[in-house]
Amino acid sequence: MIALAIVTDPVSIFFIVLVIILMAPVILNKLHIPHIIGMIAAGVVVGPYGFDVLDSDSSFTIFGQVGLLYLMFLAGLEIDMFRLKLNFKRGLVFGLLTFFVPLIVGAVTSIWILKLDIITSVLLGAMYASHTLIAYPITARLGISKSPVVLIAVVGTIFAVTGALITLAIVVDIHNAGEFEITQLLILLGKMAVYCMGILYLYPRITRRFFKNNSDNVTQFVFVLVMVFMSAIIAKAIGLEAVLGAFFAGLVLNRYVPAGSSLMGRIEFVGNALFIPYFLIGVGMMINIHVVTNTETIIVTSEILAVALSSKWIAAWIAQRCYHMNSDARQILFGLTTAHTAVALAVVTIGYNMTDPTGARLMDETILNGTIMVILITCAIAPFATARAAARIKIEMLNSGDDENTGDRVKVENVLIPIANPVTAPSLVELAALMSNGEIEDATHRQARIFALHVRNDNSAKSKAVGRNSLDIAVAAGAAVDTTVVPIERYDLNIITGLVNVIEERDINRVMIGMHRRSTVIDSFFGSTIDRLVKSTNKMVVISRFFIPVNTITRIVVAVPDNAQFETGFRGWLSAIGTLARQLGCRVIFCSKSSMHPIIEATLRAERLGIRSEYRALEESDDFILLSNRILDDDLFVFINSRPTAISYSADMTEIPTFLQRYFAGNNLMVIYPEQFGDQSSVASFVDPLSNDLVQSASPVFAKLRGWWRRLIDRTIHIFGSTNNSDKPKIDL
């Protein structure tokens, strides 16, 4: 191929790379070709084996390695940990299949066809067993990255790559020592165990403390990258591959980077816009297409390629048969595990550099060139296979009413956030995004419909400026979490009138508002505005107060009153809490009468939220004596309140504000008023005796309900104790 002048100017190099990143998806999308292939093909064209426009210098080495680590980190970060646990056994089985089948088939065919010795054949078999999730961005782009089949493939990848690296270490040890030493393998496994336990213990504590003390988005982003590359460096230092360290860091940090958070948006943006494309272009620049001119290389390449593709397909087919999956699932497993890049090249390069006692290389140049061609071809096949199957799975999910990530039923929720203070606007928007089920606007993106409202009752310049500034901040906060926030500036008689009018005009399902801070002794706990809002609307009202970032919450404890399952909004608030818990990756502890536990569990299952839920009975006072749980600074206490016209209301609920102020003044708190059926404005009054609250009647049922609620307050005091909980031991309920 004709060589052009090599570009050496850093600005020009970066410009060419950006043009490739920009144009490859634009052009290839029209041809229905995965843009990943375009990145690799562009790398071949501009690389040293193409037109030699760009040299494979240190910049591509650095950014390419960073891109590979970033790719594995995102794979770990985007995993739904709850569903990972559900599919872990299947992923383990598939990992063993996709490792041992290529290893055995590759070793046997190398001895039989390529006439290699046992050591070299096993080393080549390790190359067949390893693979890279180069097609993973396709599943993320189509929104199926959290589907079971993708999780199985990701878990299988980790076991396959780990097995390939252990095999490589054994082969190198045998080559250097002349025999296999079990002690070396045990030392490596011991280092791996210590490494995993150290990361699991230290990373969560360091991350939680850092996020509590540093709320700046840029600082948090840099901190996450530091933790990722530190894990990769440590993994490489103990004899593992850096990609395993990056993936493991993603799994550990998964809990602190919710999918709907602004931090997750920044991490995905930087990776998909720069680092991962750099890695793909760098892979293309390594491919030497001139080796196809050699007949012997073509024969060896055909043999290696046939073994590489067939062995991975056989592993996917066996997994499909074992778990009764369809052909699209098999194609996803095959597509995600068939690409060979960095790990395969590292294995073959080591074999190429190793020599036997006669001075001959374990793997000659023919096998090295054949492996390079296999990298090119498998990197082209993997995106095609994955894209076709992923598109069909996505269409099937949409037709069945499932969303792109977890199988939730599609719901349209209109959330209203009253904005009065620019300081609290970002946190309210992020919390609303984390709690919203949202709606699917197209085949690739899921977004919540959130409205930000500022109500003013004067036309002064100062009032207008404050309102516009607050709404601008709310819109920016929504953009940071990839959510469209519709700003509404309204002039009305008062705040409550404006809120109620917007609720009716926009068909609002949920109102989310920050908790009022008491300004005087006679001021109420919730404040007059919230009290009037609850009385003026029958929609769900969520009142929140957080002292720490929401992504550092470790548990959600929910106190549920008796008969709450009969309320109109029971399913709504349960879905909202479940969605928040799923985003945060934390467990939820429901405290209620034991008769309500099956109802809550069945509702969560019907909503298909996939969260870790636990249940604690609130029957008698003696039950709480046996429980030593405490609400800690890292917990969120959720109190399901009730309006006076609700069936779950009792007269003792008038004591709730005093109870919360006295015992939970220093805790993260959320009070939810569920949606009620009927017109909330028609409250009971002395002029309409027929509208008297049924709860106030002397019925034995409601008398019993009042007694239960009073016992609930007393028991909760025994459980949670005083507000000074920084030194309370964290004991499981």
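All values reported here derive from a predicted model rather than from experimental measurement. Along the sequence shown, the residues carry numbers beginning at 1.
A 4.5 Å side-chain heavy-atom check between Leu69 and Phe279 finds every atom pair outside the cut-off. Contact annotation: the side chain of Ile367 approaches that of Leu116 to within less than 4.5 Å [non-hydrogen atoms, C-beta and beyond]. Looking at heavy atoms from C-beta onward, Tyr70 lies out of side-chain contact with Leu274 at the 4.5 angstrom threshold. Contact annotation: the side chain of Phe94 never approaches that of Val155 to less than 4.5 Å [non-hydrogen atoms, C-beta and beyond]. Taking 4.5 Å as the limit, every side-chain heavy atom of Ser327 sits out of range of all side-chain heavy atoms of Gln331. By the 4.5 Å heavy-atom criterion applied to side chains, Tyr49 and Val44 are not counted as neighbours. Residues Pro148 and Arg90 meet the side-chain proximity criterion, which asks for heavy atoms closer than 4.5 Å. Under the 4.5 Å side-chain criterion, counting only non-hydrogen atoms from C-beta, Leu333 is in contact with Ile152.
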### Step-by-step side-chain contact (heavy atoms from CB on, under 4.5 Å) determination, Phe159 to Leu96
CA-CA 7 Å; Phe159 284 101; Leu96 296 176; 5.6 Å; no

### Query
Under the side-chain contact (heavy atoms from CB on, under 4.5 Å) criterion, do Leu22 and Leu18 qualify, and how do the steps go?
CA-CA 6 Å; Leu22 173 65; Leu18 290 180; over 6 Å; no

### Query
So Ser302 and Leu305, side-chain contact (heavy atoms from CB on, under 4.5 Å) or not? Walk me through it.
CA-CA 5 Å; Ser302 302; Leu305 180 63; 5.8 Å; no

### Task
Just do the side-chain contact (heavy atoms from CB on, under 4.5 Å) check on Thr132 and His340 with the steps written out, would you?
CA-CA 6 Å; Thr132 303; His340 297 73; over 6 Å; no

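Side chain of Gln583 to backbone of Pro258: no donor-acceptor contact under 3.5 angstrom is found. A donor-acceptor contact shorter than 3.5 Å links the side chain of Asp9 to the backbone of Ser12. Here the side chain of Thr120 pairs no donor or acceptor atom with the backbone of Asp117 at under 3.5 angstrom. A donor-acceptor contact shorter than 3.5 Å links the side chain of Ser310 to the backbone of Ala306. Within the 3.5 Å criterion, the main-chain N or O of Gly250 finds no donor-acceptor partner in the side chain of Asn254. At least one donor-acceptor pair under 3.5 Å links the side chain of Thr139 to the backbone N or O of Tyr136. Side chain of Gln320 to backbone of Arg330: no donor-acceptor contact under 3.5 angstrom is found. At least one donor-acceptor pair closer than 3.5 Å links the side chain of Ser130 to the backbone N or O of Met127.
Interatomic distance, Tyr278 OH to Phe14 CZ, rounded to the nearest 0.5 Å: 6.0 Å. Here the CD1-CG distance, from Ile304 to Leu114, works out to 6.0 Å after rounding to the nearest 0.5 Å. To the nearest 0.5 angstrom, Leu434 atom CG is 6.0 Å from Leu584 atom CG. For the atom pair Leu280 CG and Ile20 CD1, the distance stands at 11.5 Å (nearest 0.5 Å). Interatomic distance, Ile144 CD1 to Asp328 CG, rounded to the nearest 0.5 Å: 9.5 Å. In this structure, CD1 on Ile276 lies 5.0 Å from CG on Leu71, to the nearest 0.5 angstrom.
The shortest non-hydrogen separation linking Thr301 to Met373 is CG2-CB, 3.5 Å. In terms of heavy atoms, Pro277 sits closest to Gly271 at CD-O, 3.5 Å. Minimum heavy-atom separation, Leu251 to Gly76: CD2-O, 3.8 Å. Closest approach of Ala249 to Val228, counting heavy atoms only: CB-CA, 4.0 Å. Of all non-hydrogen atoms in Gly335 and Ala382, the two that sit nearest each other are O-CB, 3.2 Å. Nearest heavy-atom pair, Leu309 versus Phe334, reported as atom, atom and distance to 0.1 Å: O-CE1, 3.5 Å.
Within a 6.0 Å radius of CZ in Arg392, more than 12 heavy atoms belonging to other residues, nucleotides or ligands are found. Enclosure of atom CD1 in Ile238 by more than 12 non-hydrogen atoms of other residues, nucleotides or ligands within 6.0 angstrom is indicated.
Checked by atom type, the side-chain pair Tyr195/Ser231 shows a donor-acceptor distance below 3.5 Å. Counted by atom type alone, His131 and Thr157 present one or more donor-acceptor pairs between their side chains at under 3.5 Å.
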Donor-acceptor list for residues 100-111 side chains, cut-off 3.5 Å, not counting sequence neighbours:
unit_1: Thr109; atom_1: OG1; unit_2: Val105; atom_2: O; d: 2.8
unit_1: Thr109; atom_1: OG1; unit_2: Gly106; atom_2: O; d: 3.1
unit_1: Ser110; atom_1: OG; unit_2: Gly106; atom_2: O; d: 2.6

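Leu263 meets the side chain to side chain contact (heavy atoms under 4.5 Å, CB included) test with Phe211, Gln220, Phe221, Val224, Val257, Ser261, Ile267; sequence neighbours excluded.
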